[in-house]
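Shown next, in structure tokens, is the structure this report addresses.
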Amino acid sequence: MTAWLSAGILFTFIAVAFILVRWGSVRCIGNTPVRTLTFIAILFTSGLDVGLIMFPLTEFAGYADLQASPEYGFANPLAIEFGFWGFLIWAFYFLTCFYFSVIEPKVGFFELPLVKFVNNLVIVGTCAFTAYLLLANLPWYLPEVGDGETIVTSFYLIVFIVIAIAVYSSTSLRYVRYLSVATTLLFLGLIAVMGLGAMISTENGAVEMVKTAALLGDYFGNIHQFILPLNDYHEFYLLWWFAWSIMIGQFTSRFVGGLTTRQLFAAMLVVPSIPVGIWFSVLYYYHANGLETAGFYNLAMALVGITFVINSLDSLVRLYTDNLNLTVARFGKVKYILGNIAALSILTMLFKLDFLEIQWVGALVIGLFFACFGYILLARLKPVMNIKANGEKAAVDYGKIELVN
């Protein structure tokens with residue numbers, strides 16, 4: 001699996017470099033474009049899940065234990081955490097977003113029956129894994145509900161309600177914009193509240209917080225270390241990102257509002273990494289100073305994590321139901337909602353039973369990357385290489401999203 005993953009990563013970064021050089025000035029316009037800030041909000045909330053909120057506090061200690069994991073010794077735990085979630089890793093999303101907005105209309109690879117089947121298998125599987133992650137992490141963040149270790153009935157109910165809300169939200173694309181912007185604001189509010197609380201709780205808090213954030217420099221000084229898998233755990237993360245990349249690219253490509261390829265690259269790598277870096281710095285400050293998060297902070301993190309899950313599930317359900325023509329227009333709202341809730345609930349339990357693994361999904365996506373490249377070389381090379389930057393600025397209709405159900 002490591003060799004397969006490494007080949008996929010190297011292919012991805014080579015493809016990104018080629019795209020930036022050859023098509024850097026091409027304007028990317030989706031079929032329901034939105035303004036740039038809204039696009040970034042949709043990207044951020046759809047492209048991340050509950051792990052962003054719930055994983056770091058449980059992982060810092062492991063990255064600091066160099067006796068057990070000496071491979072982390074080149075950087076501090078904050079930089080390691082950021083390397084698993086920030087900046088360079090978002091190039092996966094850039095590649096797929098550019099592909100689906102600019103190249104796929106010329107190629108039609110994902111319209112091939114077998115490819116369409118595998119693509120939707122990936123989307124549905126990753127959708128269920130997202131719900132499973134929420135279920136698996138709730139005991140740690142809401143120990144008041146149980147014993148802090150066991151998944152109790154209340155947690156199953158929470159996840160079921162989250163799935164139901166997300167499925168209902170997916171019945172209209174117009175909800176995406178409001179949900180994404182609201183979740184982004186909630187996340188920024190969480191950063192502000194917990195950051196302020198940390199600074200008040202410690203001496204010279206503001207100065208020490210800045211010093212903590214400066215530790216992120218270790219990431220950029222060792223960015224090359226994060227390209228290939230450091231160990232099995234990093235491999236899991238990279239395959240997880242691959243699993244997400246193909247569907248996030250499909251979904252976000254709908255909303256690109258006329259950015260050039262280079263602007264899209266900057267928007268997708270730099271802008272989301274800023275709040276991620278600040279958030280991890282706040283959490284690391286809590287970890288390093290032994291500050292308690294039990295009670296209000298844990299509840300706030302769980303609530304924001306839940307909104308991320310709703311955003312992610314909303315976008316993924318909308319994507320696979322559109323692809324498979326399992327739409328509200330075809331089946332009616334009641335059948336659509338009940339069918340999707342049942343399917344996602346069952347698949348979530350399969351992850352709970354260790355019947356499915358996200359690593360398999362990521363490996364499958366790498367296979368799709370290579371197959372798509374081969375198909376272009378054999379059958380669609382000329383139309384792809386003829387893609388050029390628009391001589392005139394094409395008009396962008398930002399009102400289309402209001403007309404889509």
Side-chain angles (χ1 to χ4, degrees), residues 7-34 36 39 42-43 46-47 88-120 122-123 241-269 315-316 319-320 322-323 362 364-397 400:
I9 293 169
L10 294 175
F11 171 81
T12 297
F13 288 124
I14 291 170
V16 167
F18 180 82
I19 287 167
L20 290 172
V21 172
R22 184 171 184 87
W23 295 304
S25 299
V26 170
R27 295 184 77 221
C28 307
I29 303 174
N31 54 24
T32 49
V34 296
T36 302
F39 169 74
I42 292 172
L43 166 69
S46 299
L88 194 62
I89 205 75
W90 287 75
F92 291 13
Y93 288 176
F94 163 75
L95 175 63
T96 54
C97 183
F98 174 84
Y99 173 83
F100 282 103
S101 63
V102 176
I103 297 179
E104 172 64 11
K106 308 285 186 183
V107 173
F109 177 73
F110 284 82
E111 293 303 315
L112 299 175
L114 178 59
V115 175
K116 180 177 283 191
F117 171 78
V118 174
N119 179 43
N120 286 292
V122 166
I123 296 170
W241 278 92
F242 266 113
W244 272 76
S245 65
I246 206 156
M247 59 193 180
I248 295 301
Q250 290 172 75
F251 187 71
T252 56
S253 66
R254 300 176 173 192
F255 305 106
V256 184
L259 296 172
T260 67
T261 302
R262 293 190 187 95
Q263 289 171 336
L264 181 65
F265 179 77
M268 297 189 78
L269 268 70
S315 58
L316 303 184
L319 189 58
Y320 76 71
D322 279 355
N323 290 346
L364 194 58
V365 168
I366 294 173
L368 283 176
F369 278 27
F370 286 131
C372 181
F373 181 61
Y375 182 76
I376 291 173
L377 290 179
L378 294 174
R380 294 289 187 272
L381 185 59
K382 187 174 181 179
V384 170
M385 296 309 291
N386 284 338
I387 295 172
K388 297 179 180 177
N390 298 323
E392 297 284 337
K393 278 197 171 184
V396 180
D397 183 2
K400 281 185 179 180

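What's counted below: heavy atoms across the whole structure, side chains too, no hydrogens, waters or symmetry copies.
By the 4.5 Å heavy-atom criterion applied to side chains, T261 and F94 are counted as neighbours. Looking at M385 and R22, their side chains come closer than 4.5 Å, going by heavy atoms from C-beta outward. Contact of the V16 side chain with the F265 side chain is registered, since non-hydrogen atoms from C-beta on lie closer than 4.5 Å. Side-chain contact between N119 and Q250 is present, with heavy atoms from C-beta onward closer than 4.5 Å. In this structure, I103 and W23 have side chains that are in contact, with non-hydrogen atoms separated by less than 4.5 Å.
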Please evaluate residues I246 and F369 with respect to the criterion side chain to side chain contact (heavy atoms under 4.5 Å, CB included), reporting the C-alpha separation (whole Å), side-chain torsions for both, the decisive distance (0.1 Å), and the verdict. CA-CA 9 Å; I246 206 156; F369 278 27; 4.0 Å; yes
Any chance you could lay out the ring pair (Phe, Tyr, Trp, His ring centres under 6.0 Å) test for F39 and F255, step after step, and finish with the verdict? CA-CA 6 Å; F39 169 74; F255 305 106; 7.8 Å; no
Decide side chain to side chain contact (heavy atoms under 4.5 Å, CB included) for V365 and W244; before the verdict, give the C-alpha distance in whole Å, the side-chain angles of both, and the deciding distance to 0.1 Å. CA-CA 9 Å; V365 168; W244 272 76; over 6 Å; no
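Using a 30° and 60° split on the angle between ring planes, F13 and F92 fall in the tilted class, from 30° to 60°. Ring geometry for W241 versus Y93: interplanar angle of 30 to 60°, hence tilted. Aromatic ring orientation, Y375 versus F109: tilted (interplanar angle from 30° to 60°).
R27 places a side-chain N or O within donor-acceptor distance of the main-chain N or O of G258, the cut-off being under 3.5 Å. Formation of a donor-acceptor pair under 3.5 Å by the S101 side chain with backbone atoms of G30 is not found in this model. In terms of modelled atom types and a separation under 3.5 Å, the side chain of T252 and the main chain of L43 share no donor-acceptor contact.
More than 12 heavy atoms of other shown residues, nucleotides or ligands fall within 6.0 angstrom of atom CZ in F370.
Nearest heavy-atom pair, N31 versus P33, reported as atom, atom and distance to 0.1 Å: C-CD, 3.5 Å. Shortest non-hydrogen contact noted between C28 and V256 is O-CG1, 2.9 Å.
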